Amino acid sequence: MNMKRTLVKEALGRESPMESILVKGWVRTRRDSKTFSFVEINDGSCLKNIQIVVDASLPAYAEIGKVTTGAAVSVSGELAASQGKGQKWEIQASNIEVYGTSDETYPLQKKGHSLEYLREIAHLRPRSNLFGCVFRVRNRLAFAVHQFFQQKDFIYVHTPLITANDCEGAGELFRVSSLDLKNLPRQEENGEIDFSKDFFARPTYLTVSGQLEAEIFATAFSNVYTFGPTFRAENSHTSRHASEFWMIEPEMAFCDLEGNMDLAEEIVKYLVGDILDNCQDDLSLFSRFVDKGLLDRLQFVRERPFKRVPYTEAMEILQKSGKKFEYPAEYGANLQSEHERFLSEDHFRCPVTVYDFPKEIKPFYMRSNDDGKTVGAMDLLVPKIGEIVGGSQREERYDVLAENLKRHGLDEKEYWWYLELRQYGTVEHSGFGLGFERMLMFVTGIANIRDVIPFARTPGNAEF
RNA sequence: UGCUCGGUAGCUCAGCGGUAGAGCAGGUGGCUGUUAACCACUUUGUCGCAGGUUCGAAUCCUGCCCGAGCAGCCA
């Protein structure tokens, strides 16, 4: 007979016992008694393990020595109310079969491990409690992103990962090439590398943003979003930067900066609320072991309105704060990490959207305001993490955009199609980038971006 | 890339000039409807690598490698 396997999540959520049940998973721990053993099994479907009672009178008990932490097993038996405290259900085993054994060298012993150590065993850490929670929440968060936009009839667009755009000013790029590094073709005139011989007949890179292409789709579908990987070759060693990360980039036609800020705040609240409603068990582990204030902060973010403040006013707040900053808060300067943290953690004590930044510190595509000094940019800052959203209203006026390209030293010809969007049926439009991993850090309380990515890519690290 | 901190048993860490320790994990025995089980006993080390100082270096110095934090860049 072929019995259907039941997931641990489903078994533990049962209202009634089951005469026969089959579960499969990995052994977390075993406790032996004289006449029976307790075995706890986890299959990743939820944080909790299911307790198996294996009586010494069973034929299979002869093999109980193989049922060690880390082993893959299959258990059949009866789902019954537990006689002990601590769990509602347990399985009285009639048979237990070991698929793959494990031994004392198994790196994930049933003791707390440091995050740094677990990072070094990225092939096994998903089997730990903490990372099980992280990646279940990651899954749910990705689902919620799509749900949010689909409910609003945004069109999901797949923008290219390989791009010829190298001058967005957004950090270093990874080059994509199929040229033989040991035998590079050279231009006769100047000896420089001849990229016309390369695969795409031009220099190409991994994308740092799908925004420009998303703008194309927004001027056809009105409301669109991208959700995919992006790449930055910056040599950053911080807890919030990775070389490969996922970004969510909505782009909306017929939408100004205010509508853009509305959407940014709405999605942050929505995602927080969705995780609060659907990942309670996982969140409870984070709030116990990672960040005691997590649940309060998430509730707060879901319920309370965010603050909104123009850049100029933000600078005044920083100047009047009397606080000594390493980098002085002066008009024309970028908001430093310490400034962002002061605004969201000390002054407003909630998420803050700063908008209307000096044009000198922002990219060419942002829309010039009538004051001639600022552009319609916005950053959404959250406590502990800082910038989680960065966006702007895009310059939709052909002449102004062409002038901006010139001012930034960029070649109009390279942006011919971007300019043509302003030549044919141009319209005000806006969008932003939401860092998926930063959102996940915010929602889980995990402090290091390397611990919310299954296999993190950072400078010098791409093993798994 | 700059500054700071760190690398000692499988893991977490103590030792900081006199020749290597604890807790946990593992092993053995006992006990128990147990639940990060408990009790007793017990195994384990190129002290990151390479030089140097010293009678003697895990300990001090130099270089290198690796990791972490902060800053810049940004999401």
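Note that the coordinates shown come from a computational prediction; the quantities given were computed from them, not determined experimentally. For the numbers below, each heavy atom of this structure counts, side chains included, while hydrogens, waters and symmetry mates do not. Lettering follows sequence order; numbering is per chain, from 1.
Across A:Ile21 and A:Leu79, no two heavy atoms sit closer than the pair CG2-N, 3.8 Å.
Interatomic distance, CZ of A:Phe38 versus CD1 of A:Ile52, reported as 11.5 Å (0.5 Å rounding).
Closest to the side chain of A:Arg450, out of B:U1, B:G69, B:G33, is B:G69. Among B:G69, B:C73, B:C31, the nucleotide with an atom closest to any side-chain atom of A:Ser239 is B:G69. Which of B:C74, B:U34, B:G72 sits closest to the side chain of A:Glu387 comes down to B:C74. Closest to the A:Tyr327 side chain, of the nucleotides B:U34, B:U32, B:G72, is B:G72. Checking B:C74, B:C31, B:G33 against the side-chain heavy atoms of A:Glu340 singles out B:C74 as nearest.
Distance A:Phe36 CZ to B:C31 C1': 12 Å, rounded to the nearest Å. Going from atom CG of A:Asp379 over to atom P of B:C73 covers 12 Å, rounded to whole Å. For the pair A:Glu326 CD and B:G2 P, the interatomic distance rounds to 17 Å; values are reported in whole Å. With rounding to whole Å, A:Phe227 atom CZ is found 13 Å from B:A75 atom C1'. Rounded to whole Å, atom C1' of B:C3 lies 15 Å from atom CG of A:Asn235. Following rounding to the nearest Å, A:Lys362 (NZ) and B:A75 (C1') show an atom-to-atom distance of 12 Å. Summarising the geometry, the separation between CG on A:Leu434 and C1' on B:C74 is reported as 14 Å, rounded to the nearest angstrom. In this structure, the CG atom of A:Leu115 is 11 Å from the P atom of B:A68, given to the nearest Å.
Annotation: side chain of A:Glu265 is in contact with side chain of A:Arg308 (closest heavy-atom distance under 4.5 Å). Side-chain contact between A:Gln83 and A:Gln92 is present, with at least one heavy-atom pair separated by less than 4.5 Å. By the 4.5 Å heavy-atom criterion applied to side chains, A:Cys350 and A:Arg304 are not counted as neighbours. Residues A:Val8 and A:Lys48 are not in side-chain contact: their nearest non-hydrogen atoms beyond the backbone lie 4.5 Å or more apart. In this structure, the side chains of A:Leu130 and A:Val290 come closer than 4.5 Å at one or more pairs of heavy atoms. A 4.5 Å side-chain heavy-atom check between A:Phe364 and A:Glu395 finds every atom pair outside the cut-off. With contacts defined as side-chain heavy-atom distances shorter than 4.5 Å, the pair A:Tyr355/A:Met261 qualifies.
Pair check for B:U12 finds B:A22; Watson-Crick or G-U wobble, both atom distances under 3.5 Å. When Watson-Crick and G-U wobble pairs are counted only if both distances are under 3.5 Å, B:G45 pairs with no nucleotide at all. Judged by Watson-Crick or G-U wobble contacts below 3.5 Å, the nucleotide B:C60 has B:G52 as its partner. Pairing partner, B:U1: B:A71, with both Watson-Crick or wobble hydrogen-bond distances short of 3.5 Å. Shown here, B:C38 forms a base pair with B:G30; the pair counts as Watson-Crick or G-U wobble because both key distances fall under 3.5 Å. Under the Watson-Crick and G-U wobble criteria, each requiring two contacts below 3.5 Å, nucleotide B:G6 is paired to B:C66.
Below the 3.5 angstrom threshold, one finds no donor paired with an acceptor across the side chain of A:Glu463 and the base of B:G67. Looking at A:Gln87, its side chain comes within 3.5 Å of the base of B:U34 through a donor and an acceptor atom. A donor and an acceptor atom never sit less than 3.5 Å apart when one is taken from the side chain of A:Thr238 and the other from the base of B:C70.
Rounded to a whole angstrom, the distance from the P atom of B:A14 to that of B:C60 is 14 Å. Nucleotides B:U1 and B:U43, compared at atom P, are 47 Å apart to the nearest Å. Comparing B:G21 with B:C3, their P atoms are spaced 39 Å from each other, to the whole Å. Between the P atoms of B:C49 and B:C11, the separation comes to 15 Å (whole Å). With P as the reference atom, B:C64 and B:G23 are 39 Å apart, rounded to whole Å. Between B:U46 and B:A9, the distance separating the two C1' atoms is 13 Å to the nearest Å. Here, B:G18 and B:C13 have their C1' atoms 23 Å apart, quoted to the whole Å. Look at the C1' atom in both B:G33 and B:C41: the space between them is 27 Å, to the nearest Å.
Under a 3.5 Å cut-off, the side chain of A:Gln319 and the backbone N or O of A:Ala329 do form a donor-acceptor pair. The backbone N or O of A:Ser114 lies less than 3.5 Å from no partner atom in the side chain of A:Arg119, so there is not a single donor-acceptor pair.
Note on A:Asn448: a side-chain N or O is less than 4.0 Å away from OP1 or OP2 of B:G69. A close approach under 4.0 Å does occur between a side-chain nitrogen or oxygen of A:Ser337 and OP1 or OP2 of B:G72.
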Produce the list of close N/O pairs, under 3.5 Å, pairing protein atoms with atoms of nucleotides 10-13 of chain B; give distances to one decimal.
from, atom 1, to, atom 2, distance (Å)
B:C11, O2', A:His113, ND1, 3.2
B:U12, OP1, A:Ser114, OG, 2.8

All N/O pairs under 3.5 Å across the protein-nucleotides 37-43 of chain B interface:
from, atom 1, to, atom 2, distance (Å)
B:A37, OP2, A:Arg31, NH1, 3.0

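The nearest heavy atom of RNA chain B to A:Gly433 and to A:Thr68 marks one nucleotide each, and the one closer to the 5' end goes with A:Thr68.
If you look at A:Phe348 and A:Phe306, their ring centroids are not closer than 6.0 Å.
For RNA chain B, the residues of residues 240-250 of chain A within the heavy-atom distance limit of 4.0 Å (strictly under) are A:Arg240, A:His241, A:Ala242, A:Phe245, A:Met247, sorted by number.
A tilted orientation is assigned to the rings of A:Phe227 and A:His146, their planes being inclined by 30° to 60°. Ring-plane geometry between A:Phe148 and A:Tyr270 is classed as tilted, the angle between the planes lying from 30 to 60 degrees on a 0 to 90 degree scale.
Cation-pi geometry between A:Lys362 and A:Phe357 is satisfied (NZ or CZ under 6.0 Å from the ring centre, within 45° of the ring normal).
Within the nucleic acid shown, A:Ser82 comes within 4.0 Å of at least one base atom, counting heavy atoms only. Using a 4.0 Å heavy-atom criterion, one finds that A:Gly435 contacts the sugar-phosphate atoms exclusively.
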